[in-house]
Amino acid sequence: MANVETLRPNPAPAPFPAVTVPADPQAFRTEDRLTGLLAFAIATERREDASPEAVARCQREAEAALCDHALRYLHNNIERIRQEAVAEQIGRLRHPPGFLRLVAANLVALIIIGAAGAWLALHPETLAGIAGRLAG
């Protein structure tokens, strides 16, 4: 059986890069919590101090990044939103009548017109009265 020998019996842990966070995270608080958190993350990533100019710049960048993200998200999902709206509207519509129902409706209409024509043929005075009213 093969013997496994490690090259480094006790490897040293990899050193973590020192990240200096801004001195005052409270300086990044805004009315919109998400914008403040993103501004703090931007400042932390750049290792900037919490000076008023840096805070204002990071907040503007955070607002711009969030607006761009929202616009891209909406633009990328607009077709899906439209398809869902169309499917919802189609779901509310009744099903159209079938072929047999249309044929039956035409037959009923023909029977009604035939009955009216037969009644007028059997009662010529009614047909004369209608013609007199239409003449003036």
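Here, residue 1 is the first one in the sequence, and each next residue gets the next number. As the structure is a computational prediction, the values presented were derived from the model and not from experiment.
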Listing, residues 62-75 side-chain donor-acceptor contacts under 3.5 Å, not counting sequence neighbours, or none:
none

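- Here N77 contributes atom CG and E84 contributes atom CD; the two are 9.0 Å apart, rounded to the nearest 0.5 Å.
- Closest approach of T35 and Q59 over heavy atoms only: CG2-O, 4.0 Å.
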Throw together a table of side-chain donor-acceptor distances under 3.5 angstrom for residues 87-99, partners on residues two or more places apart or in other chains.
| unit_1 | atom_1 | unit_2 | atom_2 | d |
| --- | --- | --- | --- | --- |
| E88 | OE2 | R92 | NH2 | 2.8 |
| Q89 | OE1 | R92 | NH1 | 3.2 |

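- Residue V108 belongs to a hydrophobic cluster whose other members are I112, with links defined by side-chain heavy atoms closer than 4.5 Å.
- Among residues two or more places apart in sequence or in another chain, the salt bridge (charged side-chain N to carboxylate O under 4.0 Å, His left out) test is passed with R57 by E48.
- Evaluation of the ring pair (Phe, Tyr, Trp, His ring centres under 6.0 Å) test over residues 103-132, restricted to residues two or more places apart or in two chains, returns W119-H123.
- From L37, atom CG reaches atom OG1 of T44 across 10.5 Å, with rounding to the nearest 0.5 Å.
- Under the side chain to side chain contact (heavy atoms under 4.5 Å, CB included) criterion, E45 pairs with no residue at all, not counting sequence neighbours.
- Summarising the geometry, atom CD belonging to Q83 is positioned 11.5 Å from atom CD1 belonging to I78; distances are rounded to the nearest 0.5 Å.
- Other residues, nucleotides and ligands place no more than 12 heavy atoms under 6.0 Å from the CZ atom of R101.
- Atom CG of L102 and atom CG of L107 lie 11.0 Å apart (nearest 0.5 Å).
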